[in-house]
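First the proteins, then the strands, lettered A, B, ... as listed; each starts at 1.
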Amino acid sequence: MPELPEVETIARALRDGGRGQPSIVGARVAAVEVRWQPVIVTPSPAAWAAHLIDAVLTDVWRRGKYLVLEWGKTGYLIVHLRMSGDLVVLPPGQPVPKHTRWLLRFADGRVLAFDNPRKFGRTWLVADPAEVLGHLGPEPFDPALTPARFFARLQQRRGQIKPLLMNQRFLAGLGNIYTDEALHRAQIHPRTAANCLSAEQAQRLLAAIRAVLREGIAANGASIDWMYRGGTFQNTFRVYHRQGEPCYTCYTPVERIQVGQRSTFFCPRCQPFQTC
DNA sequence: CCTGAAACCTGTCTGC
DNA sequence: TGCAGACAGGTTTCAG
């Protein structure tokens with residue numbers, strides 16, 4: 001589930017209200033429960049819980065695929081969902097999801113639950129968010145990331161464009177779905193060497209990345225399988241999971257290949273392979 | 001620097 | 001119905 005648009009959807013719902021629940025900003029923690037300790041990276045699970053008791057949530061935001069919950073002077077609770085799960089608000093008395101790894105009970109009776117079936121997700125509580133987020137590349141919507149700057153960074157890399165776009169040190173937020181969708185929109189083959197792209201292609205690619213992310217956010221993310229619900233972007237996929245079906249642009253069957261160990265979907269006609 | 005393999009997990013779906 | 005195998009939105013570590 002969780003790439004930038006899904007994480008953004010969760011962050012906005014927690015901060016502003018949404019997905020059927022009002023905002024939790026201003027709520028005070030009355031009790032903490034950790035059900036699967038390895039999910040807590042730092043500090044120790046006991047210290048983690050002790051720090052959060054009585055803390056008041058002051059803000060929620062997103063950086064890349066990380067969710068950041070601010071608790072005033074208590075610090076920053078940072079969450080990464082990895083391959084599955086959600087951060088959900090439950091009204092008083094409602095049972096928590098089956099795969100809840102930790103939960104915060106608020107003084108008003110509501111519960112914030114970290115639902116993470118595959119146990120890949122991780123949580124940190126830190127004084128400085130840079131401890132966790134410091135390695136991340138630029139946000140895709142950062143105005144400082146101009147087409148010229150993006151092109152210059154591509155020029156410095158010789159690897160395949162798809163794994164590079166998914167490298168969070170290069171750019172923060174893209175995952176398997178949105179990368180394939182952006183490359184199709186920009187008409188670039190996923191195995192193209194990054195430094196073989198022209199300035200025009202770089203500009204087109206950056207615009208395509210921003211367009212698919214914007215559409216994904218507007219659709220509240222994508223829902224696939226049982227992992228996540230609520231979003232509708234899956235109805236707008238142009239290539240992802242469409243192998244054998246006609247490209248909407250040229251009617252050539254969409255192909256599925258492996259690139260960087262990930263299933264990759266592309267149109268062989270709209271996205272021809274190129275070398276320098 | 002770049003690539004590929006493996007590991008971390010649970011659940012769903014497909015085919016025999 | 002049972003069961004084996006493939007596959008899944010991510011990241012890290014290691015070998016070459």
Side-chain heavy-atom pair A:I209, A:F150 within 4.5 angstrom cut-off: yes

Identify whether any heavy atom of A:R256 sits under 4.0 Å from a base atom; if not, whether one sits that close to sugar-phosphate; answer base, sugar-phosphate or nothing. sugar-phosphate

Pair partner, B:dC1 [Watson-Crick or wobble, under 3.5 Å]: none

Go ahead and name the base partner of C:dA8; Watson-Crick or wobble counts if both distances stay under 3.5 Å, otherwise write none. B:dT10

Parallel, tilted or perpendicular: which describes the rings of A:W124 and A:Y66, with under 30° parallel and over 60° perpendicular? tilted

How about A:C247 and A:C270, are their SG atoms within less than 2.5 Å of each other? no

Does a nitrogen or oxygen in the side chain of A:H99 sit under 4.0 Å from OP1 or OP2 of B:dG11? yes

Rounded to the nearest Å, what distance is computed from the CE atom of residue A:M83 to the C1' atom of nucleotide C:dT12? 14 Å

With a non-hydrogen cut-off below 4.0 angstrom, is A:R122 in contact with a base, only sugar-phosphate, or nothing? nothing

Rounded off to whole Å, could you give me the CD1-to-P distance for the A:I161 and B:dC1 pair? 17 Å

Distance, P atom - from B:dA5 to C:dC7, rounded to whole angstrom: 14 Å

Please state the P separation for the pair B:dC9 and C:dC3 - nearest whole angstrom. 25 Å

On DNA chain B, check which nucleotide each of A:L164 and A:W36 is closest to and give me the residue with the more 5' one. A:L164

Assign A:Y240 to base, sugar-phosphate, or nothing according to its heavy-atom contacts below 4.0 angstrom with the strands shown. sugar-phosphate

